[in-house]
Amino acid sequence: PVASNALISGYLKIGELDDAIRVFEGMSERDVVTWSSMVDGYCKKGRIDDAQKVFEKMPERNVVSWTAMMSGYLKFGMWEDGFGAFSRMRSEGVGINSTALTVIVDACAAGSRVKEVVQIHGLVLSMGFEHDVFLGNSLIAMYSHAGWMDAAKKVFDFMREKDIVSWNSLISGYVQNDGIEEAYALFNKMPKRDVVSWTAVVVGFLNQGMMEESISVFEDMPVKDDVAWTAVISGFVRNGECENAFHWFTRMAQEGTKPNSLTLSSVLSATASLAAMNQGLQIHGLVVKMDLESNVSVQNSLVSMYAKCGNVDDAYRTFLDIDEPNLVSMNSMITGFAQHGFGEEALNLFKKMQLGGFKPNGVTFRGVLSVCVHVGLVEEGWHYFKSMSFYGLEPE
RNA sequence: UAAUUUGACCCUU
């Protein structure tokens with residue numbers, strides 16, 4: 001079945017799960033590679049239930065099949081199942097290898113599971129994987145995420161072999177923990193740099209409000225991709241320099257780099273802050289032209305932009321067009337209503353989102369409380385204020 | 001022919 005497996009692999013690489021399924025169903029003989037590929041294919045599309053069905057149905061499972069399934073669980077927040085799979089691998093004779101450990105370490109980073117982290121690191125050492133480059137890189141990222149830069153640096157220093165990802169991981173760690181000096185020193189010391197290294201440092205300076213240093217590094221960047229440009233644009237927005245954000249967006253276009261959905265979200269956020277309706281409309285036109293109308297982040301930005309520009313009707317129209325609204329969508333619309341004194345609408349949406357299973361966060365309550373103050377709903381406002389603790393939120 | 005690591009988003013203002 002090697003030829004068909006290769007075909008399945010090819011389809012999955014370009015995200016064509018349906019075609020992969022077609023090939024899979026037409027096969028007369030399947031091996032463990034065939035089945036594992038399908039498990040992974042379903043997981044990458046977020047279809048964990050289907051992946052699990054395939055996983056349970058397959059005649060034999062090896063460490064790759066298990067790792068694929070475990071990775072799927074963990075990527076979608078199913079911690080119990082993910083960690084459960086990991087311990088079953090250990091207890092049921094499948095065994096674990098460095099890849100399985102990397103998956104677990106990565107999950108600890110994403111879920112801020114600091115306690116598990118230390119245990120896993122011990123396991124890594126006891127199994128003799130301390131010189132695995134991928135594992136080392138994952139550990140650096142994990143400790144960085146937890147804010148333990150001493151530990152991250154220790155792992156880095158102990159690594160016998162480092163690749164460019166090792167350097168980039170530690171640099172990003174320092175950037176995330178406000179250590180731009182350390183990050184920049186490493187950047188200058190590393191043997192080779194790629195777009196990731198450059199962008200991390202540019203972001204590091206932006207995060208400290210060091211705009212000139214940031215731009216100076218950015219100008220020196222040999223190849224600027226859409227991510228790097230977006231980093232600069234959003235950095236200016238974060239620092240309240242929205243005109244500059246627009247300026248760099250214009251330069252991005254002049255230099256022929258195509259913006260993506262994240263770029264347009266950031267630019268829309270700039271136009272929203274400036275309440276610049278004309279520019280906002282232009283970007284909306286670009287969104288349509290680029291066929292990004294159904295991107296949630298872009299739609300959220302459009303909702304906010306229309307609301308901030310005083311057009312609540314179009315904000316609401318855009319909001320209703322969102323197929324799969326998320327918490328940010330809700331917050332954008334509630335805040336939009338709140339900013340214009342639409343108390344009833346804001347509170348109705350707030351109730352609706354809770355019925356829909358959304359957990360409000362601090363931004364939600366800011367909108368809700370401000371609208372209560374705005375329209376004089378003192379009792380309701382007090383009630384909502386008290387309900388914050390139910391969601392584990394503390395008033396600022 | 002199958003599983004793993006590093007850079008930019010949207011809501012708060």
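Sequence lines set the chain letters: A, B, ... in the order given, protein chains first and strands last, and positions in each chain run from 1.
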Quick check for you: among [options], whose closest atom lies nearest to any side-chain atom of [X]?
X: A:Ala141; options: B:A2, B:C11, B:U6; value: B:U6
X: A:Asp40; options: B:A2, B:G7, B:C11; value: B:A2
X: A:Arg366; options: B:U13, B:A8, B:U6; value: B:U13
X: A:Asn5; options: B:A3, B:U1, B:U13; value: B:U1
X: A:Ser234; options: B:U1, B:U4, B:C9; value: B:C9

Look at the side chain of [X] against the base of [N] and say whether a donor-acceptor pair falls under 3.5 Å; ignore hydrogens and angles.
X: A:Thr102; N: B:U4; value: yes
X: A:Asp225; N: B:A8; value: no
X: A:Asn97; N: B:A3; value: yes

For [X], which contact category applies under a 4.0 Å heavy-atom criterion: base, sugar-phosphate, or nothing?
X: A:Thr230; answer: base
X: A:Ser297; answer: base
X: A:Asn361; answer: nothing
X: A:Lys308; answer: sugar-phosphate
X: A:Asp163; answer: nothing
X: A:Ser36; answer: base
X: A:Asp194; answer: nothing
X: A:Lys44; answer: sugar-phosphate

Interatomic distance, [X] [atom1] vs [N] [atom2] [rounded to whole Å]:
X: A:Phe187; N: B:G7; atom1: CZ; atom2: P; value: 16 Å
X: A:Lys192; N: B:G7; atom1: NZ; atom2: P; value: 21 Å
X: A:His145; N: B:G7; atom1: NE2; atom2: P; value: 11 Å
X: A:Phe134; N: B:U5; atom1: CZ; atom2: C1'; value: 6 Å
X: A:Leu264; N: B:C11; atom1: CG; atom2: C1'; value: 17 Å
X: A:Phe337; N: B:C11; atom1: CZ; atom2: P; value: 17 Å
X: A:Phe86; N: B:A3; atom1: CZ; atom2: P; value: 19 Å
X: A:Phe236; N: B:U13; atom1: CZ; atom2: P; value: 23 Å

Output yes when A:Asp157 and A:Lys153 qualify as a salt bridge under the 4.0 Å nitrogen-oxygen rule, no when they do not.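 Counted as a salt bridge, because a side-chain N and a carboxylate O are separated by less than 4.0 Å.
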field: A:Arg22 bridged to A:Asp19 by N-O distance under 4.0 Å
entry: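 Counted as a salt bridge, because a side-chain N and a carboxylate O are separated by less than 4.0 Å.
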Note to self: A quick test of your reading: do over 12 heavy atoms of other residues, nucleotides or ligands sit less than 6.0 Å from CD of A:Glu219?
What the structure shows: yes
- Message: Run the ring-ring contact (aromatic ring centres under 6.0 Å, His included) test on A:His131 and A:Phe158 for me, step by step, so that the C-alpha distance in whole Å, both residues' side-chain angles and the decisive distance to 0.1 Å come before the verdict.
- Response: CA-CA 8 Å; A:His131 292 305; A:Phe158 273 128; 8.9 Å; no
- request: May I have the step-by-step check of salt bridge (Lys or Arg N to Asp or Glu O under 4.0 Å) for A:Lys44 and A:Asp40, ending in yes or no?
  value: CA-CA 6 Å; A:Lys44 293 243 158 72; A:Asp40 186 50; 2.8 Å; yes
Checklist entry - When you check the side-chain N and O atoms of A:Asp163 and A:Asn137, is any donor under 3.5 Å from an acceptor? => result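 Their side chains do contain a donor-acceptor pair, which is all the 3.5 Å distance test asks for.
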